[in-house]
Peer 1: 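Provided herewith is a single structure, encoded as structure tokens, for subsequent inquiry.
Each chain gets a letter, A, B and so on, in the order its sequence line appears, and its residues count up from 1.
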There are 2 protein chains.
Amino acid sequence: MRLSTRAQYAVRAMVDLSLYSQGRPVSLKEISRREEIPLNYLEQLFFRLKKGQIVTSVRGPGGGYVLAREESAIKVGEIVVTVEEQLNPVACLDEGDRSCQREARCLTHTVWQGLGERIKGFLDSITLEDLTRGARARHADEGNNGNGACRTAG
Amino acid sequence: MRLSTRAQYAVRAMVDLSLYSQGRPVSLKEISRREEIPLNYLEQLFFRLKKGQIVTSVRGPGGGYVLAREESAIKVGEIVVTVEEQLNPVACLDEGDRSCQREARCLTHTVWQGLGERIKGFLDSITLEDLTRGARARHADEGNNGNGACRTAG
DNA sequence: TACATACTTGACAATTATAGTAAGGTATGC
DNA sequence: GCATACCTTACTATAATTGTCAAGTATGTA
Ligand code: FES
Ligand code: FES
């Protein structure tokens with residue numbers, strides 16, 4: 001029952017972007033440095049995030065990425081789904097998968113269904129704003145020394 | 001965010017055992033046939049389930065496995081944890097793992113922590129009894145034709 | 001006692017998914 | 001026209017998962 005590190009990286013990178021972008025584009029190089037995530041790997045992530053319309057890119061020198069919407073409109077669940085493709089705990093909940101046509105007789109199906117809903121519901125109840133709020137407050141308190149971000153490995 | 005099929009098999013097998021055992025031991029061969037799970041694989045699962053004290057074994061001819069406790073005292077979460085070892089969505093929540101010592105500064109940590117609690121909480125809120133109750137009722141209605149069990153692939 | 005049943009246990013192969021690397025291309029501002 | 005930084009595909013190494021094999025041990029029954 002593990003979330004891929006890809007998804008963890010994506011959320012961390014998005015929080016970082018959200019925290020350090022004040023309207024201006026943030027380069028992946030920066031995020032890579034701060035979050036200690038390989039640049040090439042970040043590129044892959046943001047390729048997906050862009051396709052998922054969570055971020056917008058600005059090419060050329062001085063370019064980078066910007067949130068496609070405001071912080072409060074971007075849910076953690078969205079980010080995870082975008083980079084993971086699937087959030088369902090079991091295969092038979094996947095759309096387009098015909099391996100599970102006997103749901104009516106399956107006693108365990110409802111368990112996984114309920115679990116999937118809980119997971120999605122929880123992750124969708126949290127926005128980037130929720131995550132950056134605390135750091136911003138701290139940041140303001142400490143007089144702009146710019147060290148409130150998450151740089152850990154988890 | 002996938003549950004291993006091992007865990008899915010384990011839950012299905014336990015539901016099957018719970019449903020067909022009326023105090024008497026149920027052989028893995030039977031379960032294997034009904035649930036279409038490879039016998040050798042079941043053996044591995046039940047090795048773990050026995051270590052986890054969720055089932056008890058009876059050796060020799062006519063032997064098999066019996067629930068170690070009553071249905072209502074066996075939670076789905078327990079079964080999953082027993083065969084999976086870990087239910088945490090991210091590594092930094094694991095005990096004994098020292099890779100995550102900067103939690104205080106990590107903005108995403110609380111998300112995964114909350115998620116883990118939800119998952120565990122939900123799976124622990126469901127017992128084997130909850131899952132077999134419906135099938136038993138149907139079984140009784142249909143006059144003991146013994147076909148109420150889950151035989152699906154999911 | 002002999003035998004069949006069925007649990008016990010460890011080792012191992014095949015497959016798949018993940019994490020990470022590499023490399024070359026494209027757009028754009030200065 | 002050059003440096004920056006995004007864009008995209010391909011590939012590899014590693015790990016986990018799934019499933020198989022095989023050789024045991026215990027025990028009830030004939
Ligand atoms: S049929 Fe979907 S879980 Fe069994
Ligand atoms: S430190 Fe645990 S999730 Fe970041």
Peer 1: Go nucleotide by nucleotide along DNA chain D from the 5' end; which of B:V58 and A:S57 gets its closest nucleotide reached first?
Peer 2: A:S57
Peer 1: Which atom names give the shortest non-hydrogen contact between B:G116 and B:P89, and what distance separates them?
Peer 2: CA-CD, 3.7 Å
Peer 1: Identify which one of B:V55, B:L17, B:L67 satisfies the side chain to side chain contact (heavy atoms under 4.5 Å, CB included) criterion when paired with B:L49.
Peer 2: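 Answer after filtering B:V55, B:L17, B:L67: B:V55.
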Peer 1: How many Å lie between CZ on A:R2 and P on D:dA16, as a whole number?
Peer 2: 10 Å
Peer 1: Taking only residues at least two apart or on different chains, which pairs with a member in residues 61-74 of chain A satisfy salt bridge (Lys or Arg N to Asp or Glu O under 4.0 Å)?
Peer 2: A:R69-A:E78, A:E71-A:R136
Peer 1: What's the closest nucleotide to the B:P38 side chain, out of D:dA5, C:dC7, D:dT20?
Peer 2: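 Nearest listed nucleotide: D:dT20.
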Peer 1: What is the distance, to the nearest angstrom, from the NZ atom on B:K51 to the P atom on C:dG10?
Peer 2: 8 Å
Peer 1: Given C:dA23, D:dC21, C:dC7, identify the nucleotide with an atom nearest to the side chain of A:N40.
Peer 2: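 When the side chain of A:N40 is considered, C:dA23 is the closest of C:dA23, D:dC21, C:dC7.
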Peer 1: Go through it in stages, so that I can follow the logic: the residues are B:H109 and B:L93, the test is side chain to side chain contact (heavy atoms under 4.5 Å, CB included), and I'd like the CA-CA distance, side-chain angles, deciding distance and then a yes or no.
Peer 2: CA-CA 9 Å; B:H109 190 82; B:L93 293 173; 3.9 Å; yes
Peer 1: Between protein and nucleotides 11-15 of chain D, what N or O pairs are separated by less than 3.5 Å?
Peer 2:
none

Peer 1: Take the protein atom NZ of A:K29 and the nucleotide atom P of D:dC6, then report the distance between them rounded to whole Å.
Peer 2: 9 Å
Peer 1: What's the CG-C1' distance between B:L42 and C:dT9, to the nearest Å?
Peer 2: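 Rounding to the nearest Å, CG of B:L42 and C1' of C:dT9 are 16 Å apart.
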Peer 1: State which of D:dA5, D:dT9, C:dG29 makes the closest approach to the side chain of A:F47.
Peer 2: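 Side chain of A:F47 sits closest to D:dT9.
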Peer 1: Hydrophobic clustering (ILVMFWY, side-chain heavy atoms < 4.5 Å, transitive) - are B:F47 and B:Y65 grouped together?
Peer 2: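 No, B:Y65 does not connect to B:F47 through the hydrophobic network.
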Peer 1: Figure out the CZ/C1' separation between B:F46 and C:dC7, and round it to whole Å.
Peer 2: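 These atoms are roughly 12 Å apart.
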Peer 1: Looking at B:I31, B:L19, B:V58, which hits side chain to side chain contact (heavy atoms under 4.5 Å, CB included) with B:V26?
Peer 2: B:I31
Peer 1: Show the nearest heavy-atom pair for residues B:W112 and A:Q8, with the distance to one decimal.
Peer 2: CZ2-CA, 4.2 Å
Peer 1: Applying side chain to side chain contact (heavy atoms under 4.5 Å, CB included), can you list everything that pairs with A:D130, at least two apart in sequence or on another chain?
Peer 2: A:I126, A:T127, A:R133
Peer 1: Give the rounded distance in Å between these two atoms: CG of A:L45 and P of C:dG20.
Peer 2: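 One finds 10 Å between P of C:dG20 and CG of A:L45, rounded.
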Peer 1: A:R12 side chain to A:E35 main-chain N or O, any donor-acceptor pair under 3.5 Å?
Peer 2: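 Judged by distance alone, yes, a pair lies under 3.5 Å.
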Peer 1: Taking the inter-plane angle between the rings of B:Y41 and B:Y9 on a 0 to 90° scale, is it parallel (under 30°), tilted (30 to 60°) or perpendicular (over 60°)?
Peer 2: perpendicular
Peer 1: Using whole Å, report how far CG of B:L28 lies from C1' of C:dT5.
Peer 2: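 Those two atoms, CG and C1', are 12 Å apart.
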Peer 1: Any side-chain N or O of A:K50 under 4.0 Å from OP1/OP2 of D:dC7?
Peer 2: yes
Peer 1: Tell me which pairs pass side chain to side chain donor-acceptor pair (under 3.5 Å) where either residue lies in residues 42-56 of chain B, with sequence neighbours left out.
Peer 2: B:K50-B:S57
Peer 1: Measure the distance from CG on B:L49 to P on C:dT9 and round it to the nearest whole Å.
Peer 2: 14 Å
Peer 1: Does B:L87 reach the side chain of B:V80, with side-chain heavy atoms less than 4.5 Å apart?
Peer 2: yes
Peer 1: Between the protein and nucleotides 15-19 of chain C, list every N/O to N/O distance that falls short of 3.5 Å.
Peer 2:
residue : atom : partner : partner atom : Å
C:dA19  : OP1  : A:T5    : N            : 2.6
C:dA19  : OP1  : A:T5    : OG1          : 2.6
C:dA19  : O5'  : A:T5    : OG1          : 3.3

Peer 1: Check nucleotides 24-26 of chain C against the protein and report each pair of N or O atoms closer than 3.5 Å, with its distance, or say if there are none.
Peer 2:
residue : atom : partner : partner atom : Å
C:dT26  : O2   : A:R59   : NH2          : 2.7

